[in-house]
Amino acid sequence: MNRLEMNGLLALILVSFCVPALAQDFPTKPVHLIISFTPGSSTDIVGRAVAAKLSEIWGQQVVAENRVGAGGTIGSAAVARAAPDGYTLLSNSSAHVANPSIYAAMPYDTLKDFTNIAPLAGGPNVLIVGQQAGWKTFADFINAAKAKPGSLNFSSAGIGSGTHFNLEKLKLMAGIDVAHVPYKGTPEAISDTIAGRVCCYFAPMNAALSHVQGGKAIALAVSSAQRSPLLPNVPTVAESGVPGFDYTLWVGLWGPVGMASDLVNKINADVRKALASPDLAERLTKLGQVPMDMPPPQFTEFVRKELEDTARVMKAAGIKPQ
C-alpha cells in the first residue's frame with residue numbers, strides 16, 4: 001500500500017469515528033426550520049410547537065421560517081438544495097406525498113432528494129361551511145352537490161395540500177363534482193368559506209375549531225375513521241353516508257438527502273422525546289393533533305405508502321399532473 005492509499009485509509013477511519021461524535025454534539029449552532037405552508041396552518045402550528053421544544057432540548061435556537069407557495073414545493077425545494085448537515089430542516093404536511101400527482105415538473109424528487117427523519121403529528125380535517133349555505137348536515141351538502149354537478153366550489157390551502165387531497169378523495173368516493181379553488185393557505189381558505197365565496201373547506205381541526213365553537217362556521221363531518229374528542233357531536237364522513245372514508249392530515253420532518261444515519265437517528269430520537277413531553281403532547285391534543293412515533297426506517301416506508309396511495313386516488317379522480 002503506497003502513502004496515498006494509506007492516507008486515504010486513515011481518513012476513512014477518522015471519519016468513521018468522527019461522524020458519531022459530530023452527531024452526538026449536534027447542534028452546535030441554530031437550526032433553520034423551513035415551514036412549507038402559511039402561518040396558522042397545521043404544518044406551521046405543529047412545526048413551530050416541535051421547534052420550540054427542540055430548542056429546549058438542544059440548548060440551541062430552532063429558527064422557523066415560512067416559505068409558502070406552489071403546494072409547499074417552494075419551501076421543500078429550498079431544503080432539497082441545502083447542505084445535509086442537519087442545520088436546514090423541513091416541516092411539511094401530507095402535501096409532500098401529493099405533489100408528484102399534482103405537478104408535472106417538480107424542482108426535486110420526493111423520494112430521492114430528501115431524508116425522511118420523523119413524523120410529527122396527525123389529525124382529522126373537519127368539513128365546514130358558512131352559515132349562509134343553509135346546510136345543517138353532511139347529507140345536505142352531498143345532495144346539493146349532486147343536484148347541480150360542477151356548480152359548487154371548495155377551497156383548499158393550496159394545490160397538493162392535504163386539504164385539497166381530502167376533498168378530492170371525497171369527490172371520488174361520494175360520486176360528486178365540486179370545483180377546486182386553491183388558496184395561499186388555511187386562514188384565507190377559512191375566511192372565504194365563512195364569507196360564502198366558496199361552499200366548503202376540509203379545514204384542519206386546530207384552524208376550524210374556534211370558528212365552529214363561535215358559530216361562524218358549521219361543522220358537517222370529520223374526515224377520520226373515529227369522531228374527534230374536540231367535536232364529539234360531529235359525525236364522521238363514514239358515518240354520514242360514505243362507508244370506509246378515512247383521511248388524516250399529518251405533518252412530518254425532513255432534511256436534504258445525504259444526511260449521516262447517526263445524525264438522522266439523533267434528530268429522530270430528540271423529536272420523539274419532544275413529542276412525548278407532557279406539555280407538548282397536551283398542547284397538540286388540544287389542537288386536535290395526535291403525536292406520531294416512528295423510527296426513520298418506518299417513517300420512510302410510511303412516506304412511500306402514502307405517496308402510492310395518493311397517486312392512486314388522484315389517478316382514479318382523473319387528476320393529471322399539470
Side-chain angles (χ1 to χ4, degrees), residues 27 29-48 50-51 54 62-121 156-165 168 180 182-189 204 249-260 263-264 267-268 271 296 299-300 302-311 314 319-322:
K29 60 182 181 180
V31 175
H32 189 194
L33 177 66
I34 292 180
I35 299 174
S36 59
F37 285 95
T38 57
S41 65
S42 290
T43 310
D44 176 74
I45 292 173
V46 172
R48 287 180 182 274
V50 174
L54 286 176
V62 180
V63 182
E65 175 194 351
N66 298 87
R67 290 199 194 181
V68 307
T73 61
I74 291 177
S76 297
V79 174
R81 295 190 297 265
D85 55 10
Y87 287 97
T88 302
L89 302 174
L90 170 69
S91 173
N92 201 353
S93 71
S94 315
H96 189 66
V97 297
N99 284 331
S101 298
I102 301 292
Y103 300 101
M106 295 269 286
Y108 53 79
D109 185 298
T110 302
L111 290 179
K112 295 180 180 179
D113 292 338
F114 296 92
T115 297
N116 303 302
I117 298 176
L120 301 181
S156 80
I159 295 174
S161 67
T163 60
H164 175 202
F165 175 72
E168 292 294 349
H180 177 215
Y183 282 77
K184 184 179 179 180
T186 283
E188 298 85 355
L249 180 69
W250 54 271
V251 179
L253 186 71
W254 289 267
V257 69
M259 291 177 62
L263 178 58
V264 175
I267 297 176
N268 175 275
V271 166
F299 182 48
T300 295
F302 173 80
V303 169
R304 186 180 298 277
K305 288 182 177 179
E306 286 283 292
L307 192 149
E308 292 173 352
D309 182 59
T310 303
M314 292 296 196
I319 298 173
K320 298 180 180 180
Q322 301 293 320

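Here, residue 1 is the first one in the sequence, and each next residue gets the next number.
Using a 4.5 Å heavy-atom cutoff, the side chains of L33 and V31 are not in contact. Put simply, the side chain of R48 reaches to within 4.5 Å of the side chain of N66, judged on heavy atoms. Counting only heavy atoms from C-beta outward, the side chains of I102 and Q322 never approach each other to under 4.5 Å. In this structure the side chain of H96 reaches within 4.5 angstrom of the side chain of W254, judged on heavy atoms. Taking 4.5 Å as the limit, some side-chain heavy atom of T186 sits within range of a side-chain heavy atom of P204.
Across every non-hydrogen atom of A118 and N268, the tightest pair is CB-ND2, 3.5 Å. D85 approaches T88 most closely through the heavy-atom pair OD1-N, 4.2 Å. Closest approach of A121 and V46 over heavy atoms only: CB-CG1, 4.2 Å. Annotation for I117 and G255: closest pair CD1-N, 3.6 Å, computed over non-hydrogen atoms. The shortest non-hydrogen separation linking G47 to S91 is CA-OG, 3.6 Å. Contact record, H164 with G158: CB-O, 3.6 Å, taken as the closest heavy-atom pair.
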*Trace of the side chain to side chain contact (heavy atoms under 4.5 Å, CB included) decision for L89 with I34*: CA-CA 6 Å; L89 302 174; I34 292 180; over 6 Å; no

*Kindly indicate, with the supporting measurements, whether the criterion side chain to side chain contact (heavy atoms under 4.5 Å, CB included) is fulfilled by K112 and V257.*
CA-CA 7 Å; K112 295 180 180 179; V257 69; over 6 Å; no

*asked:* Let's go through S36 and L90 carefully: what are the C-alpha distance in whole Å and the side-chain angles of both, what is the deciding distance for side chain to side chain contact (heavy atoms under 4.5 Å, CB included) to 0.1 Å, and is it a yes or a no?
replied: CA-CA 7 Å; S36 59; L90 170 69; 4.2 Å; yes

_side chain to side chain contact (heavy atoms under 4.5 Å, CB included) between V50 and L253, worked out_ = CA-CA 10 Å; V50 174; L253 186 71; over 6 Å; no

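For E308, there are no salt bridge (Lys or Arg N to Asp or Glu O under 4.0 Å) partners two or more places apart in sequence or in a different chain. Applying the side-chain hydrogen bond (donor to acceptor under 3.5 Å, both in side chains) criterion to S156, with sequence neighbours excluded, gives H180.
Ring pair W250/F299 is perpendicular by interplanar angle, where above 60° counts as perpendicular and below 30° as parallel.
In summary, K305 and D309 do not engage in a salt bridge, as defined by a charged side-chain N under 4.0 Å from a carboxylate O.
Although no hydrogens or angles enter the test, the distance criterion places no donor-acceptor pair under 3.5 Å between the side chain of D44 and the main chain of F37. Judged by distance alone, the side chain of T163 and the main-chain N or O of A157 form a donor-acceptor pair under 3.5 Å. Listed for the N99 side chain is a donor-acceptor partner under 3.5 Å among the backbone atoms of A95.
T110 OG1 to Y103 OH: the interatomic distance, rounded to the nearest 0.5 Å, is 11.5 Å. The CG atom of L249 lies 9.0 Å from the OG atom of S41; values are rounded to the nearest 0.5 Å. Separation of atoms CD1 (I45) and CG (L120) is listed at 13.5 Å; rounding is to 0.5 Å.
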Validation: residues 67-82 side-chain donor-acceptor distances under 3.5 Å, sequence neighbours left out:
| from | atom 1 | to | atom 2 | distance (Å) |
| --- | --- | --- | --- | --- |
| R67 | NE | E65 | OE2 | 2.9 |
| T73 | OG1 | A70 | O | 2.8 |
| S76 | OG | G72 | O | 2.9 |
| S76 | OG | N92 | ND2 | 3.1 |

